[in-house]
Amino acid sequence: MTVVRVAAVQLAATEDVAENLATAVRLVEDAVAQGAQLVVLPEFGNHVSWYADRAHARRMAQTLDGEFVRTLAETAATHEIHLLVNCTLLREDGRTTGSNVLIGPDGAILATSDKQVLMGSERDHLDPATEPSLVVETPLGRLGLYSCMDGVINETPRMLAVGGAQVLLNSLNSFALDEASLHVPVRAVENRVWVVAANKVGPLVPEHSIGAVAQAVGVPVERLHGAGESQIVAPDGTVVARGPLTGEAVVVADIDVTLADDKRRPDGTDVMAARRPELYGPIIAAPRGRQAPAGAPSLVAASICPADGDDLVALVRQAVVDGAQLVVLPELAGVALDDLHAVLAGTTATAVTSLRDGDQHVGVAVDADGVVVRQPQLHASARHAAWATGLGDALQVVDLPWGRLAVVVGDDALHPETFRLASLQDADVVAVPFTTAAPHDLDLLLLERAAENRLNLVVASRPGAYGAGMLVPLSADFTLWSGGWQFDGVISRPDPVLTEQAVTLASLSPEQASNRLVSRGTDVVDGRPWAIADALVKP
């Protein structure tokens with residue numbers, strides 16, 4: 001057991017670099033007074049992240065040997081702590097970057113990492129990373145560093161986890177409420193690691209111009225403030241400490257770092273060992289943008305949640321009669337394909353379930369004419385280890401009248417790479433015949449798969465302690481500052497319809513899967529430097 005007291009500091013930054021430095025030092029010393037051995041500061045701590053132009057950003061940027069970083073390094077050395085600082089940096093190659101700087105207890109710089117995914121106007125003023133962020137071995141544990149938008153998609157935290165990180169340190173500069181409710185904690189549970197995330201509070205735009213900016217982009221002034229809720233998250237997704245929405249705070253918790261070495265699900269499946277890097281090549285290929293036409297404006301779908309003794313065929317029939325064009329049953333539901341063909345006769349509906357086919361666990365989509373697609377499970381799971389020894393070698397996406405469908409089978413749903421492969425093949429809807437087996441299977445793991453990939457989901461499971469499935473429609477309110485919607489603080493977290501009865505219907509929006517722009521120039525699927533993601537495809 002290695003117990004470390006960690007702290008996530010939330011603060012406000014202005015255009016006054018000296019004032020910001022004083023605030024950071026004061027709050028670091030507050031954390032030290034509470035016993036913190038590792039302290040994480042928010043993103044862009046040197047200056048409010050809003051610039052007139054690229055030259056202005058460069059003038060405000062720091063150097064590793066300049067006063068801002070040096071003073072914080074001296075503070076770390078004085079108190080013998082590890083300290084994560086984030087600021088804009090002047091790099092030796094001429095770039096201006098948003099960078100994390102990890103400082104050791106002797107004041108030495110242990111590592112730097114540049115932001116990989118730039119958000120909106122950041123693209124006008126800053127340069128993205130050209131090298132991956134490395135995992136840093138320290139006496140406190142193996143630490144990984146990333147920033148804000150890098151955690152709104154899975155690849156950057158995933159690379160760090162694959163590299164052996166036990167604790168992920170996330171510096172944020174975010175006004176989005178769904179950072180704290182979804183994007184931060186999911187990175188813990190999907191990788192079975194600790195996450196220490198420090199966010200800003202206060203205006204994220206200079207106060208002298210925030211009113212004009214708010215009017216120009218059509219949002220209330222208060223929505224241009226940092227959303228706080230800095231937090232510390234355990235490897236099972238439990239938030240062990242969280243700060244308030246507003247106001248300075250030092251969020252402290254004792255963490256057992258070694259808990260991050262256990263990657264097992266309740267059934268014994270090791271979610272990292274079960275990865276299939278040889279299948280993930282398309283994830284690091286050059287971005288290409290959406291290729292397929294948009295799907296239909298709406299699709300009525302059904303998630304089937306059968307109780308013991310329910311007539312599954314009757315439930316499918318009920319769903320179709322009620323207007324469902326896509327019906328998803330739990331994995332290994334036990335319904336015969338011939339019976340599904342029969343109940344779908346004379347309709348244009350498609351039903352999805354999974355079955356045992358020799359030594360494979362196979363997802364099957366059928367319609368009135370027969371089998372539409374057979375999708376073998378791609379990743380091994382301990383639950384089916386006695387018989388499901390044969391694995392598939394690719395994820396398939398098929399065209400249906402309303403758009404493009406992928407089937408994610410059973411525990412393939414535990415791997416963020418599976419859904420990224422679906423999105424890269426322009427899927428509009430993903431059917432997930434699944435079995436919920438752990439906390440946060442639905443509200444974090446699978447909800448994030450819809451959010452970060454812009455995919456509609458239909459998840460079906462037999463009822464259990466952790467839910468029985470859900471339907472996740474995509475909202476048209478996604479691209480920031482695009483007009484036409486009143487930003488309420490939530491950017492990409494969808495509103496799921498939980499499966500709470502035998503047949504639950506919801507209207508999905510296949511056409512919304514074609515909109516992946518979270519802000520001007522920032523595509524959640526193609527918006528990162530994929531060339532530095534080789535760690536995802538290495539055995």
(request) Look up atom CG in Leu536 and atom CG in Leu279, then write down how far apart they are to the nearest 0.5 Å. (result) 13.0 Å
(message) Taking ring pair (Phe, Tyr, Trp, His ring centres under 6.0 Å) as the definition, give me every residue that meets it alongside Phe44, ordered by chain and number, with sequence neighbours left out.
(response) none
(message) Under the rule for ring pair (Phe, Tyr, Trp, His ring centres under 6.0 Å), what residues qualify as partners of His82, not counting sequence neighbours?
(response) none
(request) Identify, with sequence neighbours excluded, every residue that meets side-chain contact (heavy atoms from CB on, under 4.5 Å) alongside Thr112. (result) Leu64, Arg91, Val101, Ile109
(message) Using a 3.5 Å distance criterion without hydrogens, assess whether the side chain of Asn191 forms a donor-acceptor pair with backbone atoms of Ala161.
(response) no
(message) Check whether Thr138 reaches the backbone of Leu140 with its side chain - one donor and one acceptor, N or O, closer than 3.5 Å.
(response) yes
(message) Quick check on side-chain contact (heavy atoms from CB on, under 4.5 Å): which of Val184, Val233, Ile232 does Val239 satisfy it with?
(response) Val233
(request) Starting from the C-alpha separation in whole Å, work towards a yes-or-no answer on side-chain hydrogen bond (donor to acceptor under 3.5 Å, both in side chains) for His379 and Asp412. (result) CA-CA 6 Å; His379 302 87; Asp412 284 350; 2.9 Å; yes
(request) Hey, could you give me the CD/OG1 distance between Glu43 and Thr88, rounded to the nearest 0.5 Å? (result) 10.0 Å
(request) With sequence neighbours left out, write down each residue that passes ring pair (Phe, Tyr, Trp, His ring centres under 6.0 Å) with Tyr280, or none if nothing qualifies. (result) none
(message) For Thr96 and Arg58, which I'm curious about, is there any donor-acceptor pair between the side chains at under 3.5 Å?
(response) yes
(message) Tell me if the CD atom of Gln215 is crowded by more than 12 foreign heavy atoms within 6.0 Å.
(response) no
(request) Using only heavy-atom distances, determine whether the side chains of Asp441 and Thr436 contain a donor-acceptor pair under 3.5 Å. (result) no
(message) Looking at every heavy atom in both Lys115 and Cys148, which two are closest together, and how far apart are they?
(response) NZ-CB, 4.0 Å
(message) Checking side-chain polar atoms at under 3.5 Å, does His208 have a donor or acceptor matched by the opposite partner on Glu15?
(response) yes
(request) Indicate, with yes or no, if the rings of Phe175 and Trp50 have centres closer together than 6.0 Å. (result) no
(request) Would you sort out whether Asp236 and Arg265 count as a salt bridge (charged side-chain N to carboxylate O under 4.0 Å, His left out), showing the intermediate values? (result) CA-CA 9 Å; Asp236 65 357; Arg265 294 269 293 177; over 6 Å; no
(request) Using a strict cut-off of less than 4.0 Å between a Lys/Arg side-chain nitrogen and an Asp/Glu carboxylate oxygen, indicate whether Glu122 and Arg520 qualify as a salt bridge. (result) no
(message) Can a side-chain donor-acceptor contact be found between Ser147 and Asn100 if the only test is distance below 3.5 angstrom?
(response) yes
(request) Compare every heavy atom of Pro416 with every heavy atom of Asn154, then report the nearest pair and how far apart it is. (result) CG-CB, 3.6 Å
(message) Using the side-chain contact (heavy atoms from CB on, under 4.5 Å) criterion, which residues pair with Asn20? Sequence neighbours excluded.
(response) Ala13, Thr14
(request) State, to 0.1 Å, how close Arg187 and Val195 come at their nearest heavy-atom pair, and which atoms those are. (result) C-CG2, 4.1 Å
(request) Would you tell me whether His183 and Ser492 have side-chain atoms, one donor and one acceptor, within less than 3.5 Å of each other? (result) yes
(request) Show the numbers, then the answer: is there a salt bridge (charged side-chain N to carboxylate O under 4.0 Å, His left out) between Asp261 and Arg192? (result) CA-CA 8 Å; Asp261 296 329; Arg192 308 291 296 181; over 6 Å; no
(request) Could you tell me the separation between the CD atom of Glu229 and the CG atom of Leu245, rounded to the nearest 0.5 Å? (result) 4.0 Å
(request) Show your reasoning for whether side chain to side chain contact (heavy atoms under 4.5 Å, CB included) applies to Val162 and Met272. (result) CA-CA 7 Å; Val162 167; Met272 298 303 283; 3.8 Å; yes
(message) I'd like to know if the side chain of Ser113 reaches the main chain of Ser133, judged simply by a donor and an acceptor atom lying under 3.5 Å from each other, with no hydrogens or angles considered.
(response) no
(request) Would you indicate whether the side-chain heavy atoms of Glu155 and Ile283 approach each other to under 4.5 Å? (result) yes
(message) For the CG atom of Leu169 and the CG atom of Leu102, what is their distance to the nearest 0.5 Å?
(response) 7.0 Å
(request) Decide whether Asn199 and Ser230 meet the rule of one side-chain donor and one side-chain acceptor closer than 3.5 Å. (result) no
(message) Checking Val135 now: which residues fulfil side-chain contact (heavy atoms from CB on, under 4.5 Å) with it, not counting sequence neighbours?
(response) Arg142, Leu160, Ala165
List the atom pairs, donor and acceptor, that lie under 3.5 Å between side-chain atoms in residues 72-80 and the rest of the protein, sequence neighbours left out.
from, atom 1, to, atom 2, distance (Å)
Thr75, OG1, Thr71, O, 2.9
Thr78, OG1, Glu74, O, 2.8

(message) Tell me whether Asn453 contacts the main-chain N or O of Ala422 through its side chain, where contact means a donor paired with an acceptor under 3.5 Å.
(response) no
(message) Just to verify, what does Glu222 make a side-chain contact (heavy atoms from CB on, under 4.5 Å) with, not counting sequence neighbours?
(response) Pro220
(request) With sequence neighbours excluded, give me every salt bridge (charged side-chain N to carboxylate O under 4.0 Å, His left out) pair touching residues 266-284. (result) Asp267-Arg383, Arg275-Glu417, Arg276-Glu278
(message) Looking at Asn515, is its backbone amide N or carbonyl O close enough to the side chain of Arg290 to form a donor-acceptor pair, meaning the two atoms are under 3.5 Å apart?
(response) no
(request) Considering only NZ, NE, NH1 and NH2 on the basic side and carboxylate oxygens on the acidic side, decide whether Arg26 and Glu248 come within less than 4.0 Å. (result) yes
(message) Testing the basics here: between Leu177 and Ala227, what is the closest heavy-atom pair and its distance to 0.1 Å?
(response) CD2-CB, 4.2 Å
(request) Please check if the side chain of Asp178 supplies one atom and the backbone of Val490 the other of a donor-acceptor pair under 3.5 Å. (result) no
(message) Taking side-chain hydrogen bond (donor to acceptor under 3.5 Å, both in side chains) as the definition, give me every residue that meets it alongside Arg454, ordered by chain and number, with sequence neighbours left out.
(response) none
(request) Report the C-alpha separation of Val250 and Gln34 in whole Å, then their side-chain angles, then the decisive distance to 0.1 Å, and conclude whether the side chain to side chain contact (heavy atoms under 4.5 Å, CB included) test is met. (result) CA-CA 9 Å; Val250 176; Gln34 297 183 54; 3.8 Å; yes
(message) Give me the atom names and distance for the closest heavy-atom approach of Leu27 to Gln10.
(response) CD1-O, 4.0 Å
(request) Assess the pair Tyr51 and His47: is the distance between their ring centroids shorter than 6.0 Å? (result) yes
(message) Tell me whether Asn456 contacts the main-chain N or O of Leu474 through its side chain, where contact means a donor paired with an acceptor under 3.5 Å.
(response) yes
(message) Tell me which pairs pass salt bridge (charged side-chain N to carboxylate O under 4.0 Å, His left out) where either residue lies in residues 59-69, with sequence neighbours left out.
(response) none
(request) Go through Gln231 and Val251 one step at a time and tell me if the side chain to side chain contact (heavy atoms under 4.5 Å, CB included) criterion holds. (result) CA-CA 7 Å; Gln231 60 189 276; Val251 182; 5.7 Å; no
(request) Evaluate the criterion side chain to side chain contact (heavy atoms under 4.5 Å, CB included) for residue pair Val9 and Val39; output intermediate values, then yes/no. (result) CA-CA 7 Å; Val9 171; Val39 180; 3.7 Å; yes
(message) Show the nearest heavy-atom pair for residues Tyr466 and Leu442, with the distance to one decimal.
(response) O-CD1, 3.8 Å
(request) Output all residues satisfying ring pair (Phe, Tyr, Trp, His ring centres under 6.0 Å) with Tyr146, sequence neighbours left out; order by chain, then residue number. (result) none
(message) Donor-acceptor pair, distance only, cut-off 3.5 Å: does the side chain of Thr522 make one with the backbone of Gly120?
(response) yes
